[in-house]
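All values below were derived from every heavy atom in this structure, side-chain atoms included, with hydrogens, water molecules and symmetry-related copies excluded. Remember, it's a predicted structure, so these values are computed and weren't measured experimentally.
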Amino acid sequence: MVAGRVLRPIRAISATAQRLSAENLSERVPVTSPADELATLAHTINGMLDRIQTGLADRDRALESQRMFTANAAHELRTPLTTMRTAIDVHPRRSSLARRNCSP
């Protein structure tokens with residue numbers, strides 16, 4: 001019975017750690033009421049999870065910014081390229097039309 005009470009916080013920490021994944025970092029390890037080594041361990045793990053969750057959120061924001069920049073750059077480059085292609089396609093036609101109109 002005493003061993004069960006002592007091991008209960010360890011089982012709770014272990015079960016929480018097993019449920020955590022990269023997609024679900026919102027759950028935290030329960031902190032036991034007496035301020036002992038297990039409570040310190042739970043606080044340490046929770047702090048680590050906070051830092052990981054913050055790092056992943058920062059990474060996601062950076063990737064989204066990069067995606068937006070790439071999309072904007074691609075759009076801005078498409079317009080001049082389309083204009084140049086149109087000018088190149090139209091220019092030979094104008095030259096051939098001008099030659100036909102100038103021929104006797």
With rounding to the nearest 0.5 angstrom, report the [atom1] to [atom2] distance, [X] to [Y].
X     : Y     : atom1 : atom2 : value
Asn46 : Glu27 : CG    : CD    : 10.0 Å
Arg28 : Gln53 : CZ    : CD    : 5.0 Å
Thr54 : Arg59 : OG1   : CZ    : 13.0 Å
Arg51 : Leu25 : CZ    : CG    : 12.5 Å

Between Ser14 and Arg11, does any side-chain donor sit less than 3.5 Å from a side-chain acceptor?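 There is no such pair (donor and acceptor under 3.5 Å, judged by atom type) between the side chains of Ser14 and Arg11.
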Please check if Ile45 and Leu56 belong to a single hydrophobic cluster, counting links between Ile, Leu, Val, Met, Phe, Trp and Tyr side chain heavy atoms closer than 4.5 Å.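 Yes; tracing contacts between hydrophobic side chains, which count when under 4.5 Å, links both residues.
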Indicate if Leu49 and Leu41 have the same hydrophobic cluster label, given that clusters are the connected sets of ILVMFWY residues with side-chain heavy-atom separations under 4.5 angstrom.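 As far as the 4.5 Å side-chain criterion goes, Leu41 and Leu49 are connected within one cluster.
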If you compare all heavy atoms of Ile13 against all heavy atoms of Val29, which two are closest, and at what distance to 0.1 Å?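 Taking Ile13 first and Val29 second, the nearest heavy atoms are CG1-CG1, 3.2 Å.
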Closest heavy-atom pair and its distance - Ala42, Pro30: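 Nearest pair, atom of Ala42 first, then Pro30: CB-O, 3.7 Å.
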Glu64/Arg67 salt bridge by N-O under 4.0 Å criterion: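 A salt bridge is present here (some side-chain N lies under 4.0 Å from a carboxylate O).
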Yes or no on side-chain hydrogen bond (donor to acceptor under 3.5 Å, both in side chains) for Thr82 and Arg85, after CA distance, side-chain angles and deciding distance? CA-CA 5 Å; Thr82 303; Arg85 282 185 184 152; 5.6 Å; no
